[in-house]
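Heads up: the structure comes next, in structure tokens.
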There are 2 protein chains.
Amino acid sequence: MIMPYQASADLFKTLAHPARLAILSILRDGEQCVCHMEAMLKLRQAYISQHLKVLKDAEIVSDRRDGWNMYYHVARPEIFEVIDPMIVLTGQPEGIPHAHSRAECPCPKCHPEDGLIVPGQVMLVSE
Amino acid sequence: MIMPYQASADLFKTLAHPARLAILSILRDGEQCVCHMEAMLKLRQAYISQHLKVLKDAEIVSDRRDGWNMYYHVARPEIFEVIDPMIVLTGQPEGIPHAHSRAECPCPKCHPEDGLIVPGQVMLVSE
DNA sequence: CAATAATATTCATAATGTCGAATATGATTA
DNA sequence: TAATCATATTCGACATTATGAATATTATTG
């Protein structure tokens with residue numbers, strides 16, 4: 001009588017952590033690398049990786065390697081049909097501030113070739 | 001950066017148990033007493049009470065006493081806007097069987113005055 | 001008020017989740 | 001191939017949750 005709800009309960013458990021909800025919020029608009037999340041959330045890299053593993057094991061996100069960076073994206077966008085009503089229910093502001101500016105984020109996606117030299121950045125050098 | 005999601009994460013945690021999802025499913029169509037849930041879910045009474053307390057502390061359900069029975073109902077029906085998409089996402093059958101028949105349920109709501117004598121039943125005795 | 005019915009609470013233990021620190025891995029560059 | 005960068009994994013202490021058993025509580029009946 002309870003068993004049919006096990007899968008839902010498990011997935012709810014996956015969502016039951018503020019860091020994981022914040023990560024999913026970042027991935028909502030498309031894939032991002034881990035260093036981007038690190039800059040936006042101001043959390044340690046290893047900590048973010050741990051939560052990404054939980055999300056990946058639950059098959060909510062997938063990853064893709066590109067050189068040094070791992071890019072994560074939402075594999076089941078339907079998850080937002082669960083998350084969004086919850087955010088409404090708990091009365092949080094629609095646009096949760098990400099406290100993010102390109103200047104703070106060292107990831108290549110945020111620093112294409114704008115002349116800013118950042119560790120790890122791939123640059124096009126004209127002689 | 002993570003804090004704004006604390007409330008949502010907490011409420012997800014409340015939903016992250018199959019027994020609590022099963023209880024909410026029973027309460028979906030209106031209030032029910034604890035003994036009714038006991039009969040439907042085939043779980044120990046004390047166990048159900050513990051989960052009801054979690055739901056009550058989260059203000060998802062409320063209770064009302066009527067004589068010997070405590071009747072619980074959903075205080076925030078919006079919670080189903082969170083639960084339903086999750087059940088769709090995890091691919092469970094729409095109508096989850098409750099394995100319930102009036103014969104099995106001793107609660108007064110299931111045994112109005114149909115002549116069946118059940119412990120605890122309130123009866124109208126004509127002389 | 002004693003007995004009883006329905007429900008709640010407390011307690012103990014096992015299981016699980018959190019999170020920091022340290023370390024490991026894989027791709028890339030020099 | 002050694003150094004480096006981005007990321008992942010492992011380990012351990014600690015906190016929280018799950019769950020059964022026992023007991024307490026509250027309303028009702030006689």
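Everything numeric here is computed off the predicted structure, so don't read it as measured data. To find a chain, count down the sequence lines: A is the first, B the second, and so on, and within it residues start at 1.
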Spacing between B:Ile23 atom CD1 and D:dA18 atom P, to the nearest angstrom: 12 Å
Separation of C:dT7 atom P from B:Leu52 atom CG, nearest Å, is 10 Å
B/S/- contact track for nucleotides 23-28 of chain C, protein heavy atom under 4.0 Å: ----BS
Going by ring-ring contact (aromatic ring centres under 6.0 Å, His included), name the residues that satisfy it together with A:Phe12, two or more places apart in sequence or in a different chain. B:Phe12
Please report the distance, rounded to the nearest Å, between NZ in A:Lys56 and C1' in D:dA8. 9 Å
Distance check needed: D:dA24 C1' versus B:Lys53 NZ, whole Å only. 15 Å
Sequence neighbours left out, what passes ring-ring contact (aromatic ring centres under 6.0 Å, His included) with A:Phe80? Give chain and number order. none
In whole angstroms, the gap separating P of C:dA8 from CG of B:Asp63 amounts to 7 Å
Round to the nearest Å and state the distance from B:Glu38 atom CD to C:dA6 atom C1'. 9 Å
Return yes if some donor-acceptor pair links the side-chain N/O of B:Arg28 with the main-chain N/O of B:Gly30 below 3.5 Å, else return no. no
What integer distance in Å separates A:Leu41:CG from D:dT7:P? 13 Å
Only counting residues at least two apart or in another chain, list the ones meeting side-chain contact (heavy atoms from CB on, under 4.5 Å) with B:Pro18. A:Ile2, A:Tyr5, A:Gln6, A:Ala9
Should B:Met37 and B:Leu27 count as side-chain neighbours, where that means a heavy-atom distance under 4.5 Å? yes
Nucleotide-resolved protein contact map, nucleotides 12-22 of chain C, B/S/- at heavy-atom distance under 4.0 Å: -----SSBBBB
Nearest 0.5 Å please: distance from the CG atom of B:Asp63 over to the CE atom of B:Met70. 3.5 Å
Using side-chain heavy atoms (C-beta onward) and a distance below 4.5 Å, is A:Val61 in contact with A:Leu24? yes
Under a 3.5 Å distance rule, please check whether A:Ser25 uses its side chain to pair with a backbone N or O of A:Leu21 as donor and acceptor. no
Find the distance A:Gln32:CD to D:dA6:C1' and express it as a whole number of Å. 15 Å
Enumerate the residue pairs fulfilling side chain to side chain donor-acceptor pair (under 3.5 Å) with a member in residues 14-23 of chain B, sequence neighbours excluded, ordered by first and then second residue. B:Arg20-B:His51
If the cut-off is 4.0 Å, is A:Asn69 near the phosphate of D:dT7, judged by side-chain N/O to OP1 or OP2? yes
